[in-house]
2 protein chains.
Amino acid sequence: MPVAPPRPKDLPLTALRAFEAAARLGGFAAAAQELGVTPGAITAHVKQLEQTLGAPLFARTPRGVRLTPLGQQSLPAFTAAFDALGIAVGDLRAAAAPRTVHIATLPAIAQLWLSPRLPALRAAAPDITVSITALEQPPNLKRSPYDLSLFFSEEPQGRLCPDVIFPVCAPAFAARLTTPHCISGFPCLADATWTEDWDLWAQTLSVPPTIPQGPTFSLYALAVEETVNGAGLLIGHEALVAGHLADGRLVAPFPQRLTLSGGLRLWSDRPLRPGTAPRFVADWLRRAPLASPAPPATHP
Amino acid sequence: MPVAPPRPKDLPLTALRAFEAAARLGGFAAAAQELGVTPGAITAHVKQLEQTLGAPLFARTPRGVRLTPLGQQSLPAFTAAFDALGIAVGDLRAAAAPRTVHIATLPAIAQLWLSPRLPALRAAAPDITVSITALEQPPNLKRSPYDLSLFFSEEPQGRLCPDVIFPVCAPAFAARLTTPHCISGFPCLADATWTEDWDLWAQTLSVPPTIPQGPTFSLYALAVEETVNGAGLLIGHEALVAGHLADGRLVAPFPQRLTLSGGLRLWSDRPLRPGTAPRFVADWLRRAPLASPAPPATHP
DNA sequence: TATAAGGCTCATTTTTTCTGAGCCTAGATT
DNA sequence: AATCTAGGCTCAGAAAAAATGAGCCTTATA
């Protein structure tokens with residue numbers, strides 16, 4: 001008989017976080033995505049929670065889950081608490097490393113938009129460390145360790161530039177592309193996640209050309225590189241190919257351009273107080289100096 | 001090259017909780033106590049946190065730790081967030097099992113004060129499930145899964161009765177104890193955690209008797225039982241031996257009684273809304289009906 | 001000078017958490 | 001009607017995190 005019996009464990013924090021995410025996002029799969037685990041892990045956490053509580057938090061349907069009244073009524077408090085925790089963590093991080101800025105962005109943006117601007121940013125503020133994390137999805141900034149997010153978004157708040165798409169190709173190809181209908185004879189490169197681009201652009205023409213199915217790339221930057229190397233036509237996003245257009249590695253053979261409803265957006269969910277490093281970086285990126293383009297690539 | 005690189009892990013919740021407890025309580029040992037782990041675990045958590053932050057949260061001194069300014073400035077937000085979380089958990093528990101009441105108390109109180117009252121409580125409210133957890137220390141109610149705490153405490157708020165101590169013994173002994181000075185000839189039983197009791201009581205006499213060092217018990221209820229069985233004299237706490245005195249299994253051989261500054265206290269850190277089970281149980285226990293004492297023990 | 005308090009270290013063990021592969025159900029699609 | 005497909009569930013095994021325990025270190029206090 002132990003004198004100090006193992007204290008009844010309090011509810012495990014991880015399980016609570018899983019519940020909160022699942023409840024807020026309306027599904028285990030979505031919660032798993034946000035927390036960076038597999039759905040099975042969420043299932044297990046929620047089940048454990050329900051077990052110790054002795055009451056179900058979700059009603060399972062074959063098409064997903066729905067909160068029970070019990071879950072519904074307790075969600076707001078948990079969301080608020082975890083938000084507060086996330087903000088506290090963010091503040092702590094900021095206080096511990098005041099001259100470091102963490103940016104979350106798409107891999108394509110990281111390589112094609114952000115990276116070219118970094119040397120000048122470093123020159124402008126040598127004491128600031130910029131750390132970049134490439135993510136496929138914008139993170140929940142209240143919960144993640146990022147100061148700034150840089151993604152394409154419909155939300156106009158914080159937009160840097162609109163998202164304009166049009167075909168681009170290596171200069172050598174341009175002569176053979178007199179009208180959009182010449183396209184059908186060329187490979188049409190596209191990004192694996194932006195599969196609509198070609199069709200959207202084609203619809204803007206009075207006589208939409210047939211777009212042949214070309215190779216798709218999971219890394220947009222790779223598609224750009226292939227295009228530079230003459231692999232075919234790429235449907236370009238202006239913000240991401242501006243550098244290549246400016247220094248002549250790519251050209252836009254047709255005048256037709258389509259402005260999408262979204263745009264490149266830089267934002268933060270935490271206040272950017274003047275004088276702080278994240279504020280400086282955000283301001284600096286907004287002024288968007290794609291300074292001194294690299295000299296045109298020399299092909300020996 | 002994985003397309004979805006393992007996302008940079010956010011700060012681990014457990015480590016944050018360890019930091020918060022250590023910071024709030026002013027030491028790793030205290031935090032370990034509150035969280036029910038060993039101090040080494042706290043050390044590891046805090047170190048991990050400091051590692052990922054790249055800055056120290058505590059200044060180590062040979063006599064303990066002191067918060068750095070960084071730690072100091074971030075503590076309040078964490079305390080608030082974890083409090084909010086604890087309250088959310090409490091509300092969730094309450095909502096999930098509305099007719100269950102969890103009481104935290106000392107083992108001695110559980111056995112000698114609470115247990116005798118439970119049959120009548122069950123009779124009064126058959127639908128309420130009372131669960132009792134014996135702890136050596138009052139828990140932090142904002143964080144622990146208890147509805148009510150029942151401990152000896154200096155705090156007058158919620159006091160049920162004062163803490164009065166005096167020697168007790170089996171009836172057979174009483175005849176041989178005419179004055180307190182007879183005590184020296186008997187074993188003086190005491191609780192392992194209430195070692196002062198005999199001395200405190202002795203000091204109240206004009207001529208303090210010598211108290212021989214008797215056996216100590218880590219379970220007060222065991223000491224009481226031994227006393228009933230004639231093992232010697234026990235320094236009794238009125239609240240805990242009242243039942244035994246009432247039915248004659250124990251007697252108080254001397255009139256001198258010492259009222260300590262503390263008292264038996266029943267409290268909750270969460271609001272006890274009228275109509276809820278915890279409120280009912282608290283109210284009922286306050287009325288303190290030590291109903292129908294057990295019939296005097298029959299020794300065949 | 002001894003002791004006690006409070007932390008640290010580190011190898012080991014225990015517990016928790018996560019994965020992966022396959023299964024199940026019910027709308028949607030064909 | 002057959003067949004997707006989305007979303008969850010299950011379960012065994014693997015991986016990661018957390019905790020222990022025993023010994024060490026440092027200083028204030030007795």
Side-chain angles (χ1 to χ4, degrees), chain A residues 2-53 56-68 71 82 89 137 195, chain B residues 2-53 56-68 71 82 137 143 195:
Chain A
V3 173
R7 193 179 48 158
K9 286 251 180 260
D10 207 348
L11 294 186
L13 295 176
T14 324
L16 292 173
R17 181 172 51 177
F19 158 68
E20 193 275 337
R24 173 165 42 83
L25 301 173
F28 289 8
Q33 159 111 325
E34 169 163 315
L35 297 178
V37 299
T38 53
I42 305 294
T43 303
H45 279 310
V46 171
K47 193 163 61 173
Q48 184 210 16
L49 219 47
E50 293 178 321
Q51 195 109 328
T52 50
L53 284 175
L57 292 164
F58 291 94
R60 270 69 168 184
T61 77
R63 321 265 303 120
V65 292
R66 217 183 36 255
L67 278 173
T68 58
F82 278 113
V89 169
Q137 298 291 329
T195 49
Chain B
V3 173
R7 191 175 52 154
K9 285 250 179 261
D10 208 347
L11 293 186
L13 295 175
T14 324
L16 292 174
R17 182 173 50 179
F19 158 68
E20 192 274 338
R24 174 165 42 84
L25 302 173
F28 289 9
Q33 158 112 325
E34 168 163 315
L35 298 179
V37 298
T38 53
I42 306 293
T43 303
H45 279 310
V46 171
K47 192 163 61 174
Q48 184 210 16
L49 219 47
E50 292 178 321
Q51 195 110 326
T52 50
L53 284 175
L57 292 164
F58 291 94
R60 270 69 169 183
T61 77
R63 320 265 303 118
V65 293
R66 218 182 35 256
L67 278 174
T68 58
F82 278 112
Q137 299 291 329
R143 306 292 171 84
T195 50

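Throughout, protein chains are lettered first and strands after them, A, B, ... in sequence-line order, and every chain is numbered starting at 1.
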Note, [X] side chain near [Y] side chain (heavy atom, < 4.5 Å):
X	Y	answer
A:Leu57	A:Phe19	yes
A:Leu13	B:Phe82	yes
B:Glu34	B:Arg143	yes
B:Thr68	B:Phe58	no

Nearest-0.5 Å distance that lies between atom CG in B:Leu49 and atom CZ in B:Arg17: 13.0 Å
For [N] and [X] - does any side-chain N or O of the residue sit under 4.0 Å from the phosphate oxygens OP1/OP2?
X	N	answer
A:Lys47	D:dT10	yes
B:Thr38	D:dT20	yes
B:Arg60	C:dC8	yes
B:His45	D:dA19	yes

Sugar-phosphate only, base, or nothing, as touched by A:Thr14 at under 4.0 Å among non-hydrogen atoms: sugar-phosphate
Sugar-phosphate only, base, or nothing, as touched by A:Ala41 at under 4.0 Å among non-hydrogen atoms: base
Rounded to whole angstrom units, what separation is found between the [atom1] atom of [X] and the [atom2] atom of [N]?
X	N	atom1	atom2	value
A:Gln48	C:dT17	CD	P	6 Å
A:Gln33	C:dC18	CD	P	15 Å
B:Leu16	D:dA18	CG	P	11 Å
A:Ile42	D:dT10	CD1	P	15 Å
B:Leu25	C:dG6	CG	C1'	14 Å
A:Leu67	D:dG8	CG	P	12 Å
A:Gln51	D:dC9	CD	P	13 Å
A:Phe28	C:dT19	CZ	P	16 Å

Shortest non-hydrogen contact from A:Leu25 toward A:Ala30: CD1-O, 3.6 Å
Residue whose nearest DNA chain D nucleotide is more 5′ - A:Gly64 or A:Ala44: A:Gly64
Atom pairs, protein N/O to nucleotides 22-30 of chain D N/O, distance under 3.5 Å:
{"residue": "D:dA28", "atom": "O4'", "partner": "B:Arg63", "partner atom": "NE", "Å": "3.3"}

Selection from C:dT17, D:dG8, C:dT9 that lies nearest to any side-chain heavy atom of B:Thr43: C:dT9
Those residues that, when tested against B:Arg60, pass salt bridge (Lys or Arg N to Asp or Glu O under 4.0 Å) (two or more places apart): B:Glu50
